[in-house]
Structure formats: C-alpha cells, structure tokens
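Both backbone and side-chain heavy atoms feed into the values below; hydrogens, waters and symmetry mates do not. All of these numbers come straight from a predicted model, not from anything done at the bench.
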Amino acid sequence: MSRLEFEVTCPHCKTTLNRTTCPEAPEAAPEAGNVNFCAACGKLSMFTDSKNARKMTKEEEEEVKKDEAVSALASLWDKIIAPKLARRN
C-alpha cells in the first residue's frame with residue numbers, strides 16, 4: 001500500500017500529519033467527507049473541501065465508528081499507542 005504525501009493539521013491536537021493512506025484507493029488524494037485518523041492523538045476528523053480536517057459532529061463520529069475497520073483502528077490505538085504515550089509523560 002502506498003502513502004500519499006499530504007499535509008493536514010489535526011483539529012484536535014494540532015499535529016501536522018504529512019502522509020495519508022486510503023486502503024481502497026492508495027493513490028487517491030483525500031476528498032471532502034473522507035475520514036482522517038490522527039496517529040498522534042487517536043482522534044477522528046473529516047476532510048473538508050479545502051483539504052483541511054475538521055472535528056466531526058457526534059453524529060458523524062458515531063456513524064463512522066460503526067465501520068469495523070475504523071473501530072478496530074481506534075481500539076488498537078487505545079491499547080498500544082496510548083499507553084506508550086502515557087509512559088513518556
């Protein structure tokens with residue numbers, strides 16, 4: 001799977017993310033409405049028309065989390081990454 005170089009700032013933690021991957025279309029650029037998962041804070045956001053990300057509404061997030069892949073990714077982040085970050089602080 002390839003990664004597309006693309007800068008977007010997480011609206012939750014303000015980390016600049018410089019790569020994105022879409023499993024269904026690895027060469028595709030993000031589009032408005034695509035979901036973004038921040039590797040730094042584990043939060044979900046949504047791409048806008050301007051290729052920025054915004055926080056999702058509660059309704060949007062609840063709907064997206066019904067997807068098994070999104071749910072599994074969030075669960076893995078919570079179990080593996082979050083504890084490592086907590087030990088650093």
Val70/Leu44 under side-chain contact (heavy atoms from CB on, under 4.5 Å): CA gap, chis, key distance, verdict: CA-CA 9 Å; Val70 173; Leu44 295 169; 4.0 Å; yes

Side-chain heavy-atom pair Val8, Pro30 within 4.5 angstrom cut-off: no

Minimal non-hydrogen separation, Ala39 against Ile81, with atom names: O-CG2, 4.4 Å

Atom pair CG/SG of Asn36 and Cys10 - distance to nearest 0.5 Å: 7.0 Å

Heavy-atom donor-acceptor pair, Asp67 side chain to Val64 backbone, under 3.5 Å: no

Lys66 with Glu61: basic N within carboxylate O range, under 4.0 Å: no

Trp77 (side chain) donor-acceptor with Ala82 (main chain) under 3.5 angstrom: no

His12 NE2 to Met56 CE distance, which is reported to the nearest 0.5 Å: 8.5 Å

Which atom of Thr9 lies closest to which atom of Ala53, heavy atoms considered: O-CB, 4.1 Å

Residues Cys38, Leu17; criterion side-chain contact (heavy atoms from CB on, under 4.5 Å); working and verdict: CA-CA 7 Å; Cys38 179; Leu17 305 170; 4.1 Å; yes

Check against salt bridge (Lys or Arg N to Asp or Glu O under 4.0 Å), Lys65 and Glu60: CA-CA 9 Å; Lys65 285 186 174 180; Glu60 288 171 333; over 6 Å; no

Nearest-0.5 Å distance that lies between atom OG1 in Thr16 and atom NZ in Lys14: 10.5 Å

Non-hydrogen atoms of Pro11 and Arg54 that approach each other most closely: CG-C, 3.5 Å

